[in-house]
Colleague: 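Below you'll find the structure I mean.
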Amino acid sequence: MSALKIFNTLSRQKETFIPIEEGKVGLYVCGMTVYDFCHIGHARVMVVFDMVTRYLKYLGYSVKYVRNITDIDDKIIARAAEAGEDFTALTQRFIDEMHQDEASLFVEKPALEPLATQSIGDILGMIKTLIEKEHAYAGDNGDVYYSVESFKNYGQLSGRQLDDMNAGERVEVDKNKRNPFDFVLWKAAKPGEPSWSSPWGEGRPGWHIECSAMSTCCLGNHFDIHGGGMDLQFPHHENEIAQSEATTGETFVNTWMHNGFVRIDNEKMSKSLGNFFTVRDVLKQYRGEEIRFFVLSSHYRSPLNYSDEQLNESRSALERLYTALRNIEPVTNDVKSDYVRCFEKAMNDDFNSAKAISVLFECANDLNKLKKTDTEQAAKTAADLLLMAQPLGLLSQNPEDYLQSTTGTNDAIANDEINRLIDERLQAKTDKNWALADQIRDQLKEQGVILEDSGKETTWRRQ
RNA sequence: GGCUGAGUGGCAGAGUGGUUAUGCAGCGGCCUGCAAAGCCGUGUACAGCGGUUCGAUUCCGCUCUCAGCCUCCA
């Protein structure tokens with residue numbers, strides 16, 4: 001079988017994945033800064049790396065997935081001040097909300113979720129080492145900076161030269177910095193701000209250092225895969241490499257993975273542009289699994305355009321797959337089918353979930369045919385379909401339950417009422433009162449319920 | 001200005017140096033009281049201009065357009 005290949009941002013090409021330790025994978029992903037609800041862009045990171053983890057496990061790897069939580073930074077402090085609450089109360093609230101969103105999207109919990117505020121000791125240790133090795137210096141204002149010129153490979157990840165960049169293009173340069181691209185490792189506290197004591201005075205960690213500290217702490221100085229959104233490539237991940245490699249003298253990460261953005265009207269969805277939809281908003285109208293399907297329906301490095309039409313298509317697509325799984329009891333297939341082979345080939349090609357999903361549809365099409373002709377083979381085909389869906393985190397629900405589940409958190413007609421109307425309609429049908437039967441069917445359709453007659457039975461689903 | 005990446009049929013979205021992606025929508029048919037679901041059939045898409053080649057949507061060059069990074073951002 002073909003080997004797993006992953007596009008490495010560092011080399012800008014697909015590379016055969018070889019773990020540092022056979023059979024094991026260490027994976028670190030930059031998680032959320034918890035001061036607000038997650039939006040669809042965050043959902044993409046969650047779902048993509050959940051898929052990566054699931055597929056690595058599917059291939060037999062033992063995966064240690066670490067995703068940090070940034071629970072101290074300027075925005076958190078600002079929000080907490082606005083709300084007049086302790087910043088820890090704010091962050092805890094949004095950590096809980098984030099976990100709820102993840103559950104809605106069928107995202108499995110990472111093995112570890114380290115918090116920046118719980119890692120202050122490791123962070124301080126790393127900054128001390130950087131100062132000793134003359135990669136960092138303290139400014140007169142109590143801040144500690146990393147000296148980008150001290151790290152010869154600075155720019156390797158984002159493929160840029162210090163000279164080529166326009167410092168101060170959009171923001172004023174801090175006079176305490178020796179080089180405009182030097183970045184903060186430790187930030188001095190202003191009066192009233194949350195702070196921790198350090199050799200350089202009261203303050204808090206800079207954003208980049210926490211990830212260096214937490215990743216090496218959880219996974220070692222050198223680990224397999226580091227991931228995150230495209231926008232973290234520079235400066236965040238560039239800085240992480242500089243900090244970690246300068247501290248340990250070892251290679252930091254073998255493979256860097258970056259997912260593309262979610263767009264709205266051809267523009268990046270982001271907090272600063274204010275053009276974002278929260279996961280919570282979208283769940284009012286769509287099932288969590290529909291959002292998940294939408295995310296996986298394009299390659300993780302491609303842009304993903306958000307629109308209701310896209311979500312509606314995801315709904316139709318999932319409906320088709322779940323419908324194929326109805327009325328059949330899957331029986332595990334002992335041999336690896338062609339579907340599964342194609343599926344693995346697609347996934348091995350840099351997690352091409354879009355192509356992998358097309359295999360699910362081919363499988364579903366055959367399953368629909370086999371259900372009428374060869375129940376035994378159909379049972380195996382159904383099992384194949386589920387086998388492939390598992391690493392994608394799809395089709396894990398009972399088909400009937402899924403199809404009858406409400407399509408969002410909005411008000412919907414109750415199951416009892418639906419069943420009552422179906423009974424009424426069955427009587428009408430027995431009486432050959434087609435007008436009444438059709439009227440009831442139309443009435444339910446308006447409320448998002450589709451009826452399907454087969455013989456003397458009527459089944460229903462929500463749409 | 002520097003650096004990335006992208007431009008595929010009505011829409012979304014894969015892929016390939018010569019052969020059906022896939023889904024949704026459309027059209028025709030089978031099935032059905034009628035539907036729905038399902039099945040069958042159905043569409044000479046690959047930004048433009050050059051070049052390499054027996055042959056390019058696929059490789060190379062240029063042009064145009066779009067997006068992203070160079071502050072915080074997933």
Side-chain angles (χ1 to χ4, degrees), chain A residues 9 12 29-33 38-49 73-75 155 158-174 180-181 183 207 227-236 238 258-263 266-273 276 293-294 297-299 301-305 307 309-310 312-321 323-324 326 342 346 349 352-362 364-365 367-369 371-373 403 429 432-435 437-438 441-442 445 450-455 458-461 463:
Chain A
T9 308
R12 302 204 181 267
V29 171
C30 291
M32 261 41 83
T33 301
C38 294
H39 63 224
I40 298 297
H42 298 123
R44 190 175 193 189
V45 181
M46 292 171 171
V47 169
V48 162
F49 287 100
D73 92 321
D74 292 354
K75 283 174 183 151
S158 50
R160 57 186 84 203
Q161 307 286 320
L162 282 170
D163 297 342
D164 293 339
M165 291 191 284
N166 277 353
E169 164 101 2
R170 286 186 289 172
V171 81
E172 216 174 307
V173 174
D174 185 337
F181 291 101
F183 53 90
W207 176 39
M230 290 280 284
D231 46 1
L232 298 186
Q233 225 176 95
F234 189 91
H236 186 56
E238 196 69 72
H258 292 99
N259 64 274
F261 296 123
V262 176
R263 292 187 195 171
N266 228 21
E267 196 173 46
K268 177 186 172 184
M269 177 187 287
S270 76
K271 290 269 171 97
S272 38
L273 288 168
F276 61 90
F293 186 96
F294 162 67
S297 65
S298 78
H299 185 90
R301 283 190 284 115
S302 303
L304 180 62
N305 219 55
S307 71
E309 280 141 317
Q310 289 301 293
N312 290 340
E313 279 202 17
S314 296
R315 170 166 296 170
S316 305
L318 271 178
E319 203 173 274
R320 181 167 164 80
L321 294 176
T323 299
R326 283 199 301 193
C342 286
D349 185 14
N352 192 339
S353 57
K355 182 156 194 202
I357 283 173
S358 78
V359 181
L360 305 208
F361 283 103
E362 281 164 16
N365 181 250
L367 173 55
N368 282 330
K369 283 184 269 189
K371 281 204 287 192
K372 292 177 200 158
T373 57
L403 291 166
K429 281 182 58 172
K432 297 210 189 300
N433 184 350
W434 307 126
D438 291 353
R441 189 170 60 197
D442 291 345
K445 190 174 181 196
I450 307 294
L451 299 190
E452 300 179 319
D453 296 331
S454 61
T458 295
T459 52
W460 64 274
R461 62 191 160 83
Q463 194 178 43

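Scope of the values below: all heavy atoms of this structure, side chains included, with no hydrogens, waters or symmetry mates. All of these numbers come straight from a predicted model, not from anything done at the bench. Just so we're on the same page: letters track the sequence lines, and every chain starts at 1.
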Colleague: Between A:Arg44 and A:Arg301, which heavy-atom pair has the shortest distance, and what is it?
Modeller: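 Residues A:Arg44 and A:Arg301, closest heavy atoms: NH2-N, 4.4 Å.
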Colleague: A:Val45 has a side chain; which of B:A14, B:A74, B:C70 sits nearest to it?
Modeller: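 Nearest listed nucleotide: B:A74.
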Colleague: Quick one: pull up NZ in A:Lys268 and CZ in A:Phe261 and give me the separation to the nearest 0.5 Å.
Modeller: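 Interatomic distance, A:Lys268 NZ to A:Phe261 CZ, rounded to 0.5 Å: 4.0 Å.
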Colleague: What distance, rounded to whole Å, do you find between the two C1' atoms, one in B:U8 and one in B:C66?
Modeller: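 Going atom to atom, C1' in each nucleotide, I get 15 Å.
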Colleague: Examine B:A74: is either OP1 or OP2 under 4.0 Å from a nitrogen or oxygen in the side chain of A:Lys268? Give yes or no.
Modeller: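 Checking A:Lys268 against B:A74: no side-chain N or O falls below 4.0 Å of OP1 or OP2.
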Colleague: Between atom CZ in A:Phe293 and atom P in B:A12, what is the gap in whole Å?
Modeller: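 After rounding, the reported distance stands at 16 Å.
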Colleague: Would you please determine if the base of B:G33 is stacked by A:Trp434, with stacking meaning a centroid separation under 5.5 angstrom and planes under 30 degrees?
Modeller: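 Aromatic stack with B:G33 present for A:Trp434.
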Colleague: By the 4.0 Å heavy-atom rule, please label A:Lys75 as base, sugar-phosphate, or nothing.
Modeller: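 A:Lys75: base contact, heavy atoms under 4.0 Å.
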Colleague: Please give, in whole Å, the distance from B:U8 P to A:Asn305 CG?
Modeller: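 These atoms are roughly 12 Å apart.
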Colleague: Tell me which nucleotide among B:A14, B:A36, B:A74 gets nearest to the side chain of A:Asp231.
Modeller: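 Output: B:A74.
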Colleague: When we call it a touch if two heavy atoms are under 4.0 Å apart, what does A:Ser454 touch: a base, just sugar-phosphate, or nothing?
Modeller: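 Contact class for A:Ser454: none.
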Colleague: Does the side chain of A:Arg301 get closer than 4.0 angstrom to OP1 or OP2 of B:U4 through an N or O atom?
Modeller: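 Answer no for this pair, as no side-chain N or O of A:Arg301 is under 4.0 Å from OP1 or OP2.
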Colleague: For B:C40, take OP1 and OP2 only and decide whether either is under 4.0 Å from a side-chain N or O of A:Lys369.
Modeller: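 Yes, A:Lys369 has a side-chain N/O under 4.0 Å of OP1/OP2 on B:C40.
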Colleague: So, A:Asp438 and A:Arg441, do they make that salt bridge, N to O below 4.0 Å?
Modeller: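 A salt bridge is present here (some side-chain N lies under 4.0 Å from a carboxylate O).
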Colleague: Within a reach of under 6.0 Å around CD of A:Glu452, are more than 12 heavy atoms found that belong to other residues, nucleotides or ligands?
Modeller: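 Counting neighbours around CD of A:Glu452, more than 12 heavy atoms of other residues, nucleotides or ligands fall under 6.0 Å, so yes.
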Colleague: Heavy atoms only, 4.0 Å cut-off, all strands: where does A:Asn266 land among base, sugar-phosphate and nothing?
Modeller: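 Sugar-phosphate contact only - A:Asn266 comes under 4.0 Å of backbone atoms but never of a base.
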Colleague: Does A:Arg441 make a side-chain donor-acceptor contact with the base of B:C34, cut-off 3.5 Å?
Modeller: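 Checked by distance alone, the answer is yes.
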Colleague: Hey, does A:His39 reach any base, or is it just sugar-phosphate, or nothing, if we go heavy atoms under 4.0 Å?
Modeller: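 Base contact - A:His39 has a heavy atom under 4.0 Å of at least one base atom.
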Colleague: Under 4.0 Å, heavy atoms only, any strand: does A:Leu451 hit a base, just the sugar-phosphate, or nothing?
Modeller: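 Base, at least one base heavy atom under 4.0 Å.
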Colleague: Can you check the A:Leu304 CG to B:G13 P distance for me, whole Å?
Modeller: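 From A:Leu304 CG to B:G13 P: 7 Å.
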Colleague: What's the shortest heavy-atom distance between A:Met230 and A:Gly260, and which atoms?
Modeller: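 Residues A:Met230 and A:Gly260, closest heavy atoms: CG-CA, 3.6 Å.
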Colleague: Expressed as a whole number of angstroms, how long is the span from A:Leu162:CG to B:C69:P?
Modeller: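 Between P of B:C69 and CG of A:Leu162: 20 Å.
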Colleague: What nucleotide, of B:G68, B:U4, B:G23, holds the atom closest to the side chain of A:Phe261?
Modeller: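 From the listed options, B:G68 comes nearest.
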Colleague: Using a cut-off of less than 4.0 Å, is there contact between a side-chain N or O of A:Ser302 and OP1 or OP2 of B:A14?
Modeller: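 Yes, such a contact exists.
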Colleague: Checking all strands, does A:Val262 fall into the base, sugar-phosphate, or nothing category for heavy-atom contacts under 4.0 angstrom?
Modeller: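 The answer is base, as A:Val262 lies within the cut-off (heavy atoms under 4.0 Å) of a base atom.
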Colleague: Counting only Watson-Crick pairs (N1-N3 plus N6-O4 or O6-N4) and G-U wobbles (N1-O2, O6-N3), all under 3.5 Å, who is the partner of B:C66?
Modeller: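 Partner of B:C66: B:G5.
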Colleague: For A:Gly155, report the nucleic acid contact type (base, sugar-phosphate, nothing); a contact means any heavy atom under 4.0 Å.
Modeller: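 A:Gly155: no heavy atom of the nucleic acid under 4.0 Å.
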Colleague: Work out which heavy atom in A:Ser298 is nearest to a heavy atom in A:Pro303; give both atom names and the distance.
Modeller: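 Of all heavy-atom pairs spanning A:Ser298 and A:Pro303, the closest is OG-O, 4.2 Å.
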Colleague: When both hydrogen-bonding distances must be under 3.5 Å and the geometry is Watson-Crick or G-U wobble, what is B:G10 paired with, if anything?
Modeller: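 Check on B:G10: paired to B:C24, both distances under 3.5 Å.
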Colleague: In this structure, how many angstroms lie between the P atom of B:G13 and the NE2 atom of A:His299, rounded?
Modeller: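 Computing the A:His299:NE2 to B:G13:P distance gives 13 Å.
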Colleague: Does B:C39 have OP1 or OP2 sitting under 4.0 Å from an N or O in the side chain of A:Asn368?
Modeller: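 Looking at the OP1 and OP2 atoms of B:C39, one of them is under 4.0 Å from a side-chain N or O of A:Asn368.
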Colleague: By nearest atom, which of the nucleotides B:G5, B:A14, B:A35 is closest to the A:Arg12 side chain?
Modeller: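 For the A:Arg12 side chain, the nearest candidate turns out to be B:G5.
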Colleague: Taking the nucleotide of RNA chain B with the nearest heavy atom to each, does A:Met269 or A:Asn365 sit closer to the 5' end?
Modeller: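 Mapping each residue to its closest nucleotide by heavy atoms, the 5'-most match is A:Asn365.
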Colleague: With heavy atoms under 4.0 Å as the rule, sort A:Asn352 into base, sugar-phosphate or nothing.
Modeller: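 Sugar-phosphate only.
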Colleague: Name the closest nucleotide to the A:Phe181 side chain, picking from B:A74, B:A14, B:C70.
Modeller: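 When the side chain of A:Phe181 is considered, B:C70 is the closest of B:A74, B:A14, B:C70.
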Colleague: Counting side-chain heavy atoms from C-beta on, which of B:G15, B:G33, B:G68 comes nearest to A:Lys355?
Modeller: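 My answer, after comparing the listed nucleotides, is B:G15.
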Colleague: I want to check one thing: is the phosphate of B:C39, taken as OP1 and OP2, less than 4.0 Å away from some side-chain N or O of A:Arg320?
Modeller: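 True: A:Arg320 side-chain N/O within range (under 4.0 Å) of B:C39 OP1/OP2.
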Colleague: Does A:Glu309 reach a base, just sugar-phosphate, or nothing at all? Heavy atoms under 4.0 Å.
Modeller: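 If one applies the 4.0 Å heavy-atom cut-off, A:Glu309 turns out to touch nothing in the nucleic acid.
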Colleague: Whether the side chain of A:Arg44 and the base of B:A74 hold a donor-acceptor pair under 3.5 Å is what I'd like checked.
Modeller: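 Result: no qualifying N/O pair found.
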Colleague: Rounded to whole Å, how long is the line connecting atom CD of A:Glu313 with atom P of B:U22?
Modeller: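 Answer to the nearest Å: 15 Å.
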Colleague: How close or far is atom P of B:A74 from atom CD1 of A:Ile40, stated in whole angstroms?
Modeller: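 Whole-Å distance recorded here is 14 Å.
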Colleague: Which residue, A:Gly41 or A:Glu452, contacts RNA chain B at a nucleotide closer to its 5' end, judged by nearest heavy atom?
Modeller: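 Mapping each residue to its closest nucleotide by heavy atoms, the 5'-most match is A:Glu452.
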Colleague: Have a look at A:Glu267 and say if it touches a base, only the backbone sugar-phosphate, or nothing, with a 4.0 Å heavy-atom cut-off.
Modeller: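 Sugar-phosphate: the residue A:Glu267, judged by heavy atoms under 4.0 Å, touches backbone atoms but no base.
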Colleague: In whole Å, I'd like the distance from the CG atom of A:Asp438 to the C1' atom of B:U32.
Modeller: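 These atoms are roughly 12 Å apart.
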Colleague: Minimum heavy-atom separation for A:Val45 to A:Asn259, with atom names?
Modeller: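 Taking A:Val45 first and A:Asn259 second, the nearest heavy atoms are CG2-OD1, 3.7 Å.
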Colleague: Do A:Asn266 and A:Arg263 pair up side chain to side chain, a donor and an acceptor below 3.5 Å, judged on atom types alone?
Modeller: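 Present: a donor and an acceptor within the cut-off.
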Colleague: B:G2, B:C72, B:A74: which one has an atom nearest the side-chain heavy atoms of A:Leu232?
Modeller: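 Among the listed nucleotides, the one closest to the side chain of A:Leu232 is B:A74.
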